[in-house]
Amino acid sequence: MENLTSNEDLLILEGLKVTPQSKTPAFILLLLVYIFIIVSNLGLVALIFGSRSLHQPMYLLFCNLLINDACGATLLIPHILKDIFISPSKRYIHYISCVAQAFCAHFLGSAAHTVLMIMAFDRYVAICNPLRYASIMTNRMVVKLSVAAWGSAFVTVAILLGLTIRLSRCRRNLPNLFCDNASLFSLSCESVIINNIYGLGYTVLLLGSSIGSITLTYLKIAAVCVRSKNNALNRKALQTCASHLVVYVLLLLMGFIIIALHRFPHLSVHRKLLPILGHIITPALNAVIYGVQIKEIRERIKAVFHINVVTLMDSK
């Protein structure tokens with residue numbers, strides 16, 4: 001291990017402390033949850049793309065969130081599964097791999113907010129401008145919104161990590177389960193004032209724009225529903241917006257807790273566990289919430305299961 005640590009490109013991850021008795025149950029539980037996340041999220045993507053009746057802007061935009069959740073879970077959970085059975089002294093990672101992991105973590109986290117913002121815009125047009133919905137939310141617009149959501153997240157995170165990798169390193173131990181920007185610039189002995197300023201501005205811009213746009217969107221939707229005497233419209237608004245709002249509140253709550261825990265170094269154990277729960281709970285619940293709440297998806301899932309059951313019985 002001395003030869004490994006002598007290489008400045010190798011970093012040591014602190015990892016998650018698991019007792020020998022808990023290693024196997026923890027591995028099995030995490031593996032089952034990961035399989036559920038991948039099957040449910042990518043299964044819904046396949047269902048939406050495979051059903052012409054679901055080729056609507058709302059569901060196509062929702063696929064962005066499903067793909068983001070599957071990628072986020074894949075970024076973290078297999079890494080944790082691998083480290084469970086590895087000795088803490090051997091949990092090392094190459095610096096380049098660490099930077100790539102940190103970039104993906106922040107990129108996917110930012111994209112979750114920007115994707116939910118464009119989904120909120122879709123609901124606003126559908127409920128507040130129903131007569132113009134088809135002319136506004138064309139396939140071209142869906143592509144533009146998706147590119148804008150992913151592109152803006154990519155650019156802001158690229159700048160964030162670019163400011164970090166310019167710093168020289170005087171440490172090799174990462175006080176975290178996986179690589180992120182805060183852990184990376186903690187390796188440097190240089191001044192990180194620029195990183196802190198941009199990081200704060202990046203966080204304020206991301207959360208401020210998502211909270212502001214989604215709050216404004218739902219206030220306008222609520223105003224339309226209050227003025228409308230159409231009970232069918234109000235039910236549709238509640239049905240399609242409830243899922244989106246619940247998912248956003250969960251994401252926001254998890255993000256605020258993780259950011260807050262970075263300010264309290266003595267809560268390092270909680271800071272390690274929260275990102276794991278965030279990459280497990282949110283992706284698992286998103287697929288369940290949308291799959292159960294939205295009538296079209298729920299009916300399509302029932303139809304698929306019915307066809308499979310009938311086919312299986314006929315084959316016997």
Side-chain angles (χ1 to χ4, degrees), residues 25-51 53-78 80-81 105 108-120 122-123 126 146 149 210 214 217-218 221 235-258 273-309:
F27 180 88
I28 294 173
L29 179 61
L30 272 177
L31 180 61
L32 291 175
V33 172
Y34 176 64
I35 292 172
F36 172 78
I37 290 171
I38 296 301
V39 171
S40 59
N41 282 271
L42 296 186
L44 279 176
V45 172
L47 181 69
I48 290 171
F49 277 98
S51 305
S53 61
L54 297 179
H55 289 181
Q56 302 174 34
M58 179 175 70
Y59 303 127
L60 296 176
L61 292 175
F62 174 47
C63 286
N64 287 284
L65 186 63
L66 293 171
I67 293 171
N68 182 281
D69 285 344
C71 291
T74 301
L75 175 71
L76 180 61
I77 298 178
I80 301 299
L81 290 173
L108 294 172
S110 300
H113 284 273
T114 54
V115 166
L116 286 168
M117 288 166 63
I118 63 174
M119 291 173 67
D122 170 74
R123 292 299 83 210
S146 299
S210 69
I214 290 177
T217 297
Y218 277 103
I221 290 174
R235 282 197 302 271
K236 180 182 178 182
L238 180 62
Q239 180 186 10
T240 58
C241 294
S243 304
H244 177 271
L245 195 56
V246 169
V247 168
Y248 180 71
V249 170
L250 284 174
L251 175 68
L252 204 60
L253 183 62
M254 194 66 65
F256 275 131
I257 294 174
I258 292 173
L273 291 176
L274 254 296
I276 297 177
L277 294 177
H279 283 82
I280 290 175
I281 295 174
T282 307
L285 286 181
N286 286 355
V288 173
I289 289 170
Y290 274 92
V292 172
Q293 180 67 24
I294 298 179
K295 181 180 177 182
E296 290 85 350
I297 293 180
R298 187 172 65 247
E299 290 181 347
R300 187 60 189 163
I301 292 173
K302 289 180 180 178
V304 170
F305 274 104
H306 176 72
I307 291 172
N308 290 336
V309 170

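Keep in mind the model is a prediction, meaning the values are calculated, not measured.
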Mind listing the closest non-hydrogen atom pair of Leu54 and Leu47 along with its distance?
CD1-O, 4.0 Å

Min side-chain heavy-atom separation Leu42-Ile37 under 4.5 Å
no

Got Val115 and Phe62 here, is their nearest side-chain heavy-atom distance under 4.5 Å?
no

For Ala111, is there any backbone N or O sitting under 3.5 Å from a side-chain donor or acceptor partner on Thr114?
yes

Under 4.5 Å between any side-chain heavy atoms of Val247 and Leu285, yes or no?
no

Counting N and O atoms only, with roles assigned by atom type, does the side chain of Tyr218 sit under 3.5 Å from a partner on the main chain of Cys241, one being a donor and the other an acceptor?
yes

Are the side chains of Leu61 and Ser146 in touch, meaning some heavy atoms are under 4.5 Å apart?
yes

Is any side-chain heavy atom of Thr74 closer than 4.5 Å to one of Ile38?
yes

What distance separates Met117 CE from His244 NE2, expressed to the nearest 0.5 Å?
10.0 Å

Ignoring hydrogens and geometry, is there a side-chain-to-backbone donor-acceptor pair from Asn41 to Pro283 under 3.5 Å?
yes

Please examine the side chains of Arg123 and Thr217, heavy atoms only from C-beta on, and report whether any two atoms are closer than 4.5 Å.
no

Is there a side-chain contact between Val288 and Phe36 (heavy atoms, below 4.5 Å)?
yes

How far apart are the C-alpha atoms of Ser210 and Tyr248, what are their side-chain angles, what is the distance that settles it, and do they pass the side chain to side chain contact (heavy atoms under 4.5 Å, CB included) test?
CA-CA 9 Å; Ser210 69; Tyr248 180 71; 2.9 Å; yes

